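Below is one structure, written out as C-alpha cells; the observations come after it.
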There are 2 protein chains.
Amino acid sequence: MPLQPVSRRSVPDEVFDQVLGEVVSGALGAGEALPSERRLAEVLGVSRPAVREALQRMAQTRLVEVRHGGATTVRDFRRYAGLDLLPSLLVRGGSIDVPVVRSVVEARLLIGPSVAALAAQRRNDQHVSQLTATVTAYAATSDPVERQRHTLAYWDLVVDAADSITFRLMFNSLSAAYEPALPVLASVIGAGESAGAYRVLTAALEEGDPDTTRAAAERVLRPSTDALLTALNTLDTSWENP
Amino acid sequence: MPLQPVSRRSVPDEVFDQVLGEVVSGALGAGEALPSERRLAEVLGVSRPAVREALQRMAQTRLVEVRHGGATTVRDFRRYAGLDLLPSLLVRGGSIDVPVVRSVVEARLLIGPSVAALAAQRRNDQHVSQLTATVTAYAATSDPVERQRHTLAYWDLVVDAADSITFRLMFNSLSAAYEPALPVLASVIGAGESAGAYRVLTAALEEGDPDTTRAAAERVLRPSTDALLTALNTLDTSWENP
DNA sequence: TCCGGATACTGGTCTTACCACTTGACCACT
DNA sequence: AGTGGTCAAGTGGTAAGACCAGTATCCGGA
C-alpha cells in the first residue's frame with residue numbers, strides 16, 4: 001500500500017460523526033431530545049464549543065432542530081435532510097448500505113440520459129473535444145478504478161455541457177457519495193462497460209440530437225447498472241470496506 | 001399583512017450568511033484566502049467562536065477549506081458544493097436568480113416523470129388512496145399558493161411510493177429551495193395546471209404501468225414548466241421578493 | 001380551578017488562555 | 001548549490017469560565 005496522508009480527525013468532527021451515527025442508525029428517533037450541550041460535553045469529555053460546532057453542523061444538515069431555551073431535538077432525516085446526507089447513509093461504519101447503493105445506481109440510470117439530452121442541445125466544440133479526449137484516455141486505461149475515474153470525468157463534462165446549476169450540484173452530491181465507494185464498485189462495474197458505447201454517446205452529443213443522445217446515454221449506463229443490481233441482489237448483505 | 005413570527009438571527013447565522021454571500025457572489029474567488037478567524041472576529045465585531053461556527057458550517061457545505069495552521073481558502077462552489085446550496089443560490093439578497101430557477105424547473109420536468117415511473121412499479125394501495133385524497137383537496141382549493149402546496153404534497157407522496165432514498169433526499173433539497181419562492185411562482189404556474197392531469201396520473205400510478213405513468217407525469221408537468229419558462233424569458237431580470 | 005411569577009433549566013455569546021500546526025526565513029552543514 | 005535543522009510568527013484547534021437570553025415547570029395565591 002502506497003504512503004497516504006495521515007488522517008487527523010478534529011474533536012468536533014468526532015462529535016459530529018458520533019451524533020450523526022446515533023441519528024441515522026435510529027438509536028435517536030425523530031422527536032427525541034438530545035442531552036444538553038453541557039451534558040454532552042461532559043459525557044464526551046470535550047469542551048462545550050466543540051459540541052456546539054458539531055450540533056450547529058447537524059442543524060445545518062437539518063438533522064436536528066435547536067431551540068434557544070428549549071431542548072435540541074432530532075428531526076426525521078428522511079423527511080428533511082438534503083442530498084448532501086447521502087455519503088453518510090451510503091457508507092456507515094465502514095460497510096456499504098445495499099439499499100442505498102441500489103437507489104443511487106437506479107437514480108443514475110434515470111437521470112443520466114436526461115442530462116445527456118440537455119447537454120446535446122447546449123454543448124459547444126470545446127466540450128466535444130474534451131469528451132473525445134476523455135474517452136480516449138478511458139480506452140487506454142486497464143486499471144478498473146482508474147477507468148471509473150475517467151467515466152466520472154466524462155460525466156462531469158456532460159454536466160458542464162448541460163449548463164444547469166441544479167444538475168451540477170446534484171452531480172456534485174452524487175459524486176461525493178460515489179467517490180469513497182468507487183474502489184468497491186469498480187470491479188463489479190468493470191465487466192459491463194465498453195469504450196464503444198461512450199464513443200457512440202460522444203458522437204450523438206456532437207450531432208446534437210436530444211433523443212438519440214438520450215438513447216445512447218442509456219446504452220452506456222444500462223450494462224453497468226444491471227451488473228451492479230444483480231450483484232447487489234445476490235449478496236444482499238453489507239459489504240465490508242477494507 | 002398577518003402577524004409573522006419575529007425572525008431571530010443568531011450571530012453565527014449572520015456571519016455565515018455574510019461570508020456565503022461573498023463566496024457565491026464571486027467577491028471572494030476560488031483559491032483566495034479568507035481573513036484569519038481572529039481578524040474576521042475583530043472586523044465583524046463578534047467573538048471568535050461565533051466566527052468558527054460559521055466557518056465550520058461553510059466547510060461542511062464544501063464552500064471553504066480550512067487547514068490547521070494554514071489559511072482558510074475559498075473553494076470553487078460550482079465544482080464541489082452539493083444540492084443543499086441551491087436555496088442560497090436561488091434567492092440571493094431578497095431577489096430570485098432567474099437562470100437558477102430555470103435550471104430547477106427544467107430539472108423538475110426531466111426527473112419528475114422518472115420518479116413517477118419508479119413509483120408506478122412500487123406503489124401500494126395506501127399510496128394510491130392518499131394520492132387520490134390529495135388530488136381531491138387540490139381540486140377543491142382556489143388559492144394559488146395553497147394549490148401549489150397540495151401539488152408539493154402530491155409529489156411528496158409520489159417520492160414516497162418510489163421508495164428511493166436518493167430521490168427522497170433530492171426531493172427534500174429541491175423542496176427546500178422551492179418553498180421560499182413558492183408565493184412568487186404560484187401565480188405564474190397556476191394558469192397551466194389542472195386537476196384533470198393529476199387524476200390521469202393517479203390512475204396511471206394505480207394501474208402500475210411505468211411508461212403510461214411517465215407520459216402522464218410529463219403531461220402534468222409540461223404546462224406549468226412552459227408557463228414558467230416563457231415567463232422567465234420575457235422578464236429576464238431578477239424578481240423582487242416583497 | 002386558574003392565573004402569574006419564581007426558578008431552574010436550556011441554548012447564545014463573549015473573553016481569555018493555551019495547544020498544535022504551517023509557513024517562511026535563516027543558518028549550519030554537506 | 002543543495003540539504004536538512006532551527007526558530008519565530010501567524011494560523012486554526014481546544015478548553016474553561018462567566019454571563020446573557022429564552023423556555024419550561026412548578027408552586028402559591030386568587
Side-chain angles (χ1 to χ4, degrees), chain A residues 3-20 22-23 28-75 77 80, chain B residues 3-20 22-23 28-75 77 80:
Chain A
L3 295 176
Q4 285 189 345
V6 299
S7 79
R8 249 184 309 260
R9 306 177 48 70
S10 75
V11 173
D13 280 356
E14 186 70 34
V15 176
F16 179 81
D17 282 356
Q18 283 202 36
V19 180
L20 182 139
E22 295 289 295
V23 171
L28 280 171
E32 275 188 67
L34 261 57
S36 74
E37 296 181 351
R38 295 169 227 269
R39 182 112 190 84
L40 264 180
E42 187 187 355
V43 171
L44 299 173
V46 300
S47 70
R48 186 146 87 100
V51 171
R52 277 190 61 83
E53 278 183 24
L55 289 186
Q56 292 301 325
R57 286 171 53 192
M58 294 285 291
Q60 163 107 358
T61 323
R62 298 197 287 276
L63 265 64
V64 303
E65 179 181 10
V66 333
R67 282 195 319 270
H68 187 174
T72 297
T73 54
V74 178
R75 306 181 69 178
F77 70 89
Y80 295 107
Chain B
L3 294 175
Q4 285 191 347
V6 299
S7 78
R8 252 184 306 261
R9 305 176 50 68
S10 76
V11 172
D13 280 356
E14 186 70 35
V15 175
F16 179 82
D17 282 355
Q18 283 202 36
V19 179
L20 183 139
E22 295 289 295
V23 170
L28 280 171
E32 275 188 67
L34 260 58
S36 74
E37 294 181 352
R38 292 169 229 269
R39 183 114 192 80
L40 263 180
E42 187 187 355
V43 171
L44 299 175
V46 300
S47 71
R48 186 146 90 96
V51 171
R52 276 190 61 82
E53 278 183 23
L55 289 185
Q56 292 301 323
R57 285 171 52 191
M58 293 284 293
Q60 163 107 357
T61 324
R62 299 198 288 276
L63 265 59
V64 303
E65 180 180 9
V66 334
R67 285 195 315 270
H68 188 176
T72 296
T73 54
V74 178
R75 305 182 70 178
F77 70 90
Y80 296 106

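Each chain gets a letter, A, B and so on, in the order the sequences are listed, and its residues count up from 1. Worth knowing before you read on, the calculation uses all heavy atoms, side chains too, and leaves out hydrogens, waters and symmetry mates. Just so it is clear, the structure is predicted and the values come from calculations on it, not from any experiment.
- Both B:R38 and A:L55 sit near DNA chain C, but only A:L55 has its closest nucleotide nearer the 5' end.
- Side-chain contact between B:V64 and B:L28: absent, with no pair of heavy atoms (C-beta onward) separated by less than 4.5 Å.
- Annotation: of the two residues near DNA chain D, A:P12 and B:A71, the 5′-most nearest-nucleotide partner is B:A71.
- A cation-pi arrangement is absent between B:R62 and B:Y80 under the rule of less than 6.0 angstrom and at most 45 degrees off the ring axis.
- Residue B:V11 comes nearest to B:A50 through the heavy atom pair CG1-CB, 3.9 Å, listed as atom of the first residue, atom of the second, then distance.
- Computed from coordinates, the A:R9 CZ to D:dG13 C1' distance equals 15 Å when rounded to whole Å.
- Closest approach of B:G29 to B:E32, counting heavy atoms only: N-OE2, 2.9 Å.
- Distance A:R48 CZ to D:dC19 P: 14 Å, rounded to the nearest Å.
- Counting non-hydrogen atoms under 4.0 angstrom, A:Q56 reaches the backbone sugars and phosphates but no base.
- The nucleotide range of DNA chain C contacted by chain A, defined by atoms under 4.0 angstrom from heavy atoms of the protein and reported 5' to 3', is C:dT10 to C:dT22.
- Considering every non-hydrogen atom in both A:V46 and A:V51, the closest pair reads CG2-CG2, 3.7 Å.
- As judged by a 4.0 angstrom heavy-atom cut-off over every strand, A:R67 is placed among residues touching the sugar-phosphate backbone only.
- Taking a cutoff of 4.0 Å between a charged side-chain nitrogen and a carboxylate oxygen, A:D17 and A:R57 do not qualify as a salt bridge.
- Of the residues near DNA chain C, A:G69 and A:P49, the one whose nearest nucleotide (by heavy atom distance) lies more toward the 5' end is A:G69.
- Across every non-hydrogen atom of B:A54 and B:P12, the tightest pair is CB-O, 3.7 Å.
- Nearest-nucleotide positions on DNA chain D for A:A50 and A:G70 put A:A50 closer to the 5' end.
- The separation between A:F16 atom CZ and D:dT14 atom C1' is 19 Å, rounded to whole Å.
- Between the CD atom of B:E65 and the P atom of D:dG12 there is a distance of 13 Å, given to the nearest Å.
- Rounded to an integer number of Å, the gap from CD of A:E37 to C1' of D:dA15 is 15 Å.
- Remark: A:S47 is not in phosphate contact with D:dT14, judged by side-chain N or O atoms under 4.0 Å from OP1 or OP2.
- Under 3.5 Å, the side chain of B:R39 and the base of D:dG10 form no donor-acceptor pair of N or O atoms.
- One can place CG of A:D13 at 13 Å from C1' of D:dT14, the figure rounded to the nearest angstrom.
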